[in-house]
Every structure is written in C-alpha cells, then in structure tokens.
Amino acid sequence: MASEFPTSGDKLRKLINKSRAFPISFGFNPGTSETGDEYFAAHSRKTPELLGKLALTEGAGTKSAFGTFIIDASELHLTCFRTLPQLAKKVKKYLKENKITLNVVIFDPDGNVMDSDVEVLEGWEASLAELDEDAASGGGDKPSDIHIPPAFRTAPEPKAAKLAEDVSVPPGFETEPDPEPEPETSDPGNAAIAVLAERLRAVQARAALLSPAIAKRLDGALRAAAVPLRDGDAEAAAKVIGRIEATVAGIPDPARTDPKVVAALASLTGAVNDLDGVAGDKLRVLLERTQGQIEAGQTDAALKGLRTAGRAFQAVRAAEMRWVKAAPMVGPLAEQAANAGATPVARAWDTAREAAEDGDWPAALAALPRVIAALRAVAA
C-alpha cells in the first residue's frame, strides 16, 4: 500500500492543481534532521486520517500531521486535523525541493490561521505547470483562481478572458482600487469606465452578503477587477466584471438562505466529490436535492438533508477504512480456499470484492462476515 501514496514532483503538481476544485487529503511526516527524508502522502479519494497513519508508519520521523489542502492563488491552504510545530515552513521547504513555488498557510478545522510562511513570490504559476502533453503544448484549460464551491459554479462562457491571468493577485499584495474614478462626461471611454465602476460596486455589495467562506474566495478577484478600471481599459474590465457577476448570480439569494447552511453544503459537497463509485453517486444525488431545497428557501428540509448526508458520508468513510484494514487479512485466505475448490468461499469473496471495486464500501464490509463464515465451514 505504501508505494501508492508518496507524492512528489509532477504527481504533486497535478494534485495541487486538482485542489482548485475540491480539497485533497494529505499526511505529512517531516522526517529527521537529515535533508530529503520528508514523507508527503496525498490522495483524492482517501481519508486524511488514513494518510496521516501512513505517513507516521512509512516516514522517517516520529510524528505526522494530516488534513486537507486547497490552492488559493499563490498560497497552499492546509486545513489540519493534527498539526506540527513550524509545519508551514516545513511544507514550503518540501514544495521548494520539488520545484514548486508556493506560500503555505495552516488553518485549524474552524478556519482560524494557526501558522504561515508567506512572502512575495515570483514564478509560482510556472512552477505548477504539469509535465504532460497538454502542459507541454500549452493546451488545456487554465483553472480560475476564483474558488467557488463546486455546487455553485457556473459554466465558463466561450472565449471568456482567462481569469487566472486577469484576476490572480496573491492575497495581501493586491493593488488597492480607485473607488471613485473621475470620468469626464464628454469622453465616451470615461463614461464607460464610470458605468463599469458602478457595476463593480454593485457586485461587491452583493458579495458582502454571502457566507464568509464564499466572500473570502471572491475578495481577491473583486480587488483585482479594479485594476483595468484604474488603467482605463474598459474592454478588459467589462470581461472580468461580467465573469464575476455571472459567478455571483449563480449563488442562491442570501435573503432566502442561511449562510451557514450554504457553507455546510459546500464543505460536504467537496468531501463527497472525493468519493468514486456507487456510494459517492448516492450521496451526490442526495446533495443535489438538498441544494434545490436551499435555493427554494426550504432551510429546515435542507438541514435535515445535510444531516442525513453527513451521517451517510461518515458511515461510508468508516466502512472504507475498515475494508482497507480487513481485506488484506481475509483476501489471501479466501483466494487460497477458492483455488482449492471451496465454492461457497469463492462466491462470498467475489460478492465482497465486486462491491469494493464498485466503491460500495458498506456493502463490501457487510459481505466479509459471510466470507469468514464460509472459511470456518471449510476448516471445520
């Protein structure tokens, strides 16, 4: 199992880029005082706890941290369920050793900043280029740095401006917009800038009413949108502001929704998107229904759906972890008995294994007792 998860080089770049859409689980062992013996495990479908245990077992050091990460412009945000002293500095050093230039910010599960290693960076975007055919040829879509929860994203417009280029400003280093451009009414260009400035103020006011998590994601984009306004570039400003307006319009009206419910749905949706197979599909259907209830202002029904989905998600993750632990012990015995002609064992093991391959972890785990009973019957 260990060889599947240690993450470095281009594999790490791919997972960091993937974290623009949803959180990626990780476990980190800082190693010893020797250089280069850090152990970083990351996976899009495994639990943070599992990767933390793996990092502790396989790494050279005696402690590990684990949680999830996302990329936000030039910063890698790690939400840690268990952390270590100077974790931001150590992870940033590991990234640098893998030729990835990013700042690192550590959060606790409640969203409070615990640690950070932040500076003005140059060349951080280039350091995330993946060594695949799309990257080599310059092809592929460049993800936006406006990180809206997956459930609330709107499809990009054809031939729209690349927001990663127009909007990507490292937090803390944005150019402050000129809030009140001074247009000359006789100049059509200045009149257009004045209209765009009013549109920007309107979308800023709308964003201020959203949940804190979503508003924080939009803040950098809103600040950067003022740059072409300040420079008098009406065409560029219109493209960027129009894209932000479309994004904000896709988020439910805050007058009819509870921001905490919206934030809870976004968090759970990101976690469920990490699940493949039958169990993940069932949870996604439930969350789609809950999103419709939120948009309709049915807060009580949405809360009930979120609680149900949350309990189901925890049950699926728990079943997966128990299967991962039990299957390596039961599987070899079942295979040996099946090869010896024990048909009941073969049938029971095939049922359990097929459920696991389909991602139906509760069904796979529920089938294991029948495998064990069949093995005992053969041994009797």
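Being a predicted model, the structure only gives us computed values, none of them experimental.
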Discussion item. Does any part of the side chain of Glu357, heavy atoms only, come nearer than 4.5 Å to the side chain of Arg353, both counted from C-beta?
Written reply: yes

Item to complete: Identify whether Val118 and Val113 are in the same connected component of the hydrophobic contact network (ILVMFWY, side-chain heavy atoms under 4.5 Å).
Response: yes

Worksheet item: Between His77 and Phe107, is the ring centre distance below 6.0 Å?
Response: yes

Response to the item:
Pro30 and Glu38 have their tightest heavy-atom pair at O-CG, 3.5 Å

Worksheet item: Quick one: does Cys80's side chain get under 4.5 Å of Phe26's, heavy atoms only?
Response: yes

Practice prompt. For Thr101 and Trp124, work out which heavy atoms get closest and say how close.
Written response: O-CB, 2.9 Å

Practice prompt. Using the six-membered ring wherever Trp is involved, compare the ring planes of Phe28 and Tyr94 and label them parallel, tilted or perpendicular (cut-offs 30° and 60°).
Written response: perpendicular

Worksheet item: Got a donor-acceptor contact below 3.5 angstrom from the Asp233 side chain to the Ala236 backbone?
Response: yes

Fill in: Lys63 vs Asn29, side-chain hydrogen bond (donor to acceptor under 3.5 Å, both in side chains): CA-CA, chis, key distance, verdict
CA-CA 6 Å; Lys63 296 181 179 180; Asn29 186 323; over 6 Å; no

Worksheet item: Are any side-chain N or O atoms of Asp37 and backbone N or O atoms of Thr32, one a donor and one an acceptor, separated by less than 3.5 Å?
Response: yes

Discussion item. Salt bridge or not between Glu97 and Lys93? Use side-chain N to carboxylate O under 4.0 Å.
Written reply: yes

Worksheet entry | Non-hydrogen side-chain atoms of Val345 and Leu333 separated by less than 4.5 Å | no

Fill in: Parallel, tilted or perpendicular: ring planes of Trp361 versus Trp323, cut at 30 and 60 degrees
tilted

Worksheet item: Within a radius of less than 6.0 Å around NZ of Lys89, do more than 12 heavy atoms belonging to other residues, nucleotides or ligands occur?
Response: no

Worksheet item: Do Ile24 and Val91 belong together in a cluster built from hydrophobic side chains that touch within less than 4.5 Å?
Response: yes

Worksheet entry | Pair Asp281 + Arg284: basic N to acidic O under 4.0 Å | yes

Worksheet item: Quick check: does any side chain N or O of Thr7 sit under 3.5 Å from a backbone N or O of Ala42, one acting as donor and the other as acceptor?
Response: yes

Fill in: Side chain Thr79, main chain Gly67, donor-acceptor under 3.5 Å
no

Worksheet item: Would you find a donor on one side and an acceptor on the other, under 3.5 Å apart, between the side chain of Asn17 and the backbone of Leu128?
Response: yes

